[in-house]
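First comes the structure, then the notes that go with it.
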Amino acid sequence: MINFKHIDASSTDHALSVLSQYGEGARVLAGGQDLLFRIKKYIVKPECVVNLKTIPGLNYIRLTPEENLRIGALTTLSKIAESAELQQRYSVLAQAAGVVASPQIRNMGTLGGNICQDVWCWYLQDGFSCWKSGGKFCDLAGGDSRYYGSIMGGHLCLSNHPSDTAVALAALDARIHVASPRGERVAPISNFLPGHTWIDGRLQSHTLQFDEIVTEIEAPFRPTHSTYLKFALRKSWDFAIASVAVSAVIEDGIWDEVRIVLGGIATFPYRSLEAESLLRKKKISDALAGAAAEAALQPAKPLKMNGYKVDLSKTLLRRALLSLAE
Ligand SMILES: Cc1cc2nc3c(=O)[nH]c(=O)nc-3n(C[C@H](O)[C@H](O)[C@H](O)COP(=O)(O)OP(=O)(O)OC[C@H]3O[C@@H](n4cnc5c(N)ncnc54)[C@H](O)[C@@H]3O)c2cc1C
C-alpha cells in the first residue's frame, strides 16, 4: 500500500479546506469499504485522505412532513436497513440498504459512500488498461461482460453503476445535497448519477468535483408503496446482476406517481418512463405488469455475454409490481 497523509476532519468546512489545499491529490473517506480496497489495489493513489467520520452531526435519519426525509451522508447502511420508520414508509430504501454486501460492510459503509462508490468491473480491478485507468478502451465492449457490463449502452466505460441504494433513491425521487467552498448545491439523483462523465480529468459515475462532498440525501414526504428486488449470484457479499426499485401511490387499487428504476444493467440507475406511463391511473394486473416489463426492457442492447439480463430484469420487474398489489 502507498503512504498517504490521513487527516481527521473536525467539520465540513475543515474537510472542504483540506480538499481545496490538496486538489486532485486528496480523497474523501467515509466507511472505507470501497476506497481502501482501491488504494490497496493501487487503482487510486491519494496523497492525502480526509476522514469524514470525525465530523459530528452527519449521521441521522429525520422524517417530518415539513422537511421531508433527510438522511445524513455518514449514516450507516445498517442503520437505514434497521430503521422502523424507513421500513414502514420508505421500504424500498430500507430493503436496498439491507441487501448491500454483508452485515460487516453494512455496519461500516455509509449512504454517502454507497452512492459515490466507483465501478467494480474486474478489468479495472485486475489492472487492465481502460478509460478509468488512463487507457482508451473498454474491455467490456468485446470481452467478458456477464456481470458488470451495461445492457443499456453507455459512454466510454460500459460498467454498470453498482449501488443498490442509488436505485432505491432514484425510485424515491431523491435529491443529493453537496457542500463545496462555493456553498451548497442540491442535485436530483438523476443529475448526480448521469453515467460516466469526465470531471476534473477523472472519468466518474457521479458529478462531484474534487472539492465537493455529499452532506445529505433528501426524499419527498409522501405516502408510498415501494419495494426493492435484487438478483445476485450469492445471497450476500454480492452486487446486483439485476435489480428493480418501484414506488407508487396506490389508492383503492389505482396507481399514481409511479417510479420504476432498474439497477445492475446500466451505467446509472435506469428509470423507465415508458413502463411508468403504462401504469399511471390504472389497476395492476398480471397482463399490465408483463406489458410494463416488456416496455422497460425494450431499449436494451446487450453486449456479447449479458443478454440473459434482459429476461432476468423483466421477471424481477413483473414480480416487484405484482408484489405491491398484494
Ligand atoms: C465484498 C463487497 C461486496 C459489496 N457488495 C455490494 C452490494 O451488494 N451492493 C452495493 O451497493 N455495494 C456493495 N459493495 C460496495 C460497498 O457497499 C460500498 O463500498 C460502501 O457502501 C461504500 O460506503 P463507504 O462509506 O464505505 O464508502 P468509502 O469507501 O469511504 O467511499 C466510497 C467512495 O465514495 C467517496 N465518498 C464517501 N463518502 C462521501 C461523501 N460524503 N461525499 C463525497 N464522496 C464520498 C469516497 O471518496 C470514495 O470514492 C460491496 C463492497 C465489497 C467490498
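In this text, all values refer to a predicted model and were calculated from it rather than measured experimentally.
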Shortest non-hydrogen contact between Leu77 and Val100, atoms and distance: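 Heavy atoms of Leu77 and Val100 come nearest at CD1-CG1, 3.8 Å.
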Over all atoms of both residues, closest heavy-atom pair of Ala292 and Leu321: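 Nearest heavy atoms, Ala292 then Leu321: CB-CD1, 3.9 Å.
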Side-chain ion pair, Glu212 and Arg185, N-O less than 4.0 Å: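 Salt bridge: yes.
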Short N-O contact, Glu276 and Arg271, less than 4.0 angstrom: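 Answer for the salt bridge query: yes.
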Aromatic contact, Trp120 with Tyr147 (centres under 6.0 Å):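 Ring centroids of Trp120 and Tyr147 are no less than 6.0 Å from each other.
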Please check if [X] and [Y] belong to a single hydrophobic cluster, counting links between Ile, Leu, Val, Met, Phe, Trp and Tyr side chain heavy atoms closer than 4.5 Å.
{"X": "Val178", "Y": "Val28", "answer": "no"}
{"X": "Leu303", "Y": "Tyr270", "answer": "yes"}
{"X": "Met108", "Y": "Leu35", "answer": "no"}

Enclosure of Lys5 NZ (heavy-atom neighbours >12, cutoff 6.0 Å):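 Check fails, neighbour count at 12 or below.
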Within 6.0 angstrom of Lys41 NZ, more than 12 heavy atoms from elsewhere: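 Enclosed: over 12 neighbouring heavy atoms sit under 6.0 Å from NZ of Lys41.
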Derivation and outcome, side-chain contact (heavy atoms from CB on, under 4.5 Å), residues Ile55 and His14: CA-CA 9 Å; Ile55 301 177; His14 182 205; over 6 Å; no
Set of salt bridge (Lys or Arg N to Asp or Glu O under 4.0 Å) partners for Arg259, sequence neighbours left out: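 Salt bridge (Lys or Arg N to Asp or Glu O under 4.0 Å) check on Arg259 returns Asp173.
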Looking at [X] and [Y], would you say the former's side chain and the latter's main chain have a donor-acceptor pair under 3.5 Å?
{"X": "Asn160", "Y": "Ala266", "result": "yes"}
{"X": "Asp8", "Y": "Thr54", "result": "no"}
{"X": "Ser226", "Y": "Val92", "result": "yes"}
{"X": "Ser83", "Y": "Ile80", "result": "no"}
{"X": "Thr197", "Y": "Gly195", "result": "yes"}
{"X": "Ser247", "Y": "Ala171", "result": "yes"}
{"X": "Lys45", "Y": "Ile2", "result": "no"}

Can you find a side-chain donor-acceptor pair between [X] and [Y] that sits under 3.5 Å?
{"X": "Glu218", "Y": "His177", "answer": "yes"}
{"X": "Asn59", "Y": "Lys53", "answer": "no"}
{"X": "Tyr60", "Y": "Glu216", "answer": "yes"}
{"X": "Ser243", "Y": "Tyr228", "answer": "yes"}
{"X": "Ser20", "Y": "Asp211", "answer": "no"}

CA sep, side-chain torsions, deciding dist, call: Arg202, Gln209, side chain to side chain donor-acceptor pair (under 3.5 Å): CA-CA 9 Å; Arg202 299 178 195 161; Gln209 292 178 17; over 6 Å; no
Check against salt bridge (charged side-chain N to carboxylate O under 4.0 Å, His left out), Asp144 and Lys304: CA-CA 8 Å; Asp144 190 338; Lys304 248 195 217 157; over 6 Å; no
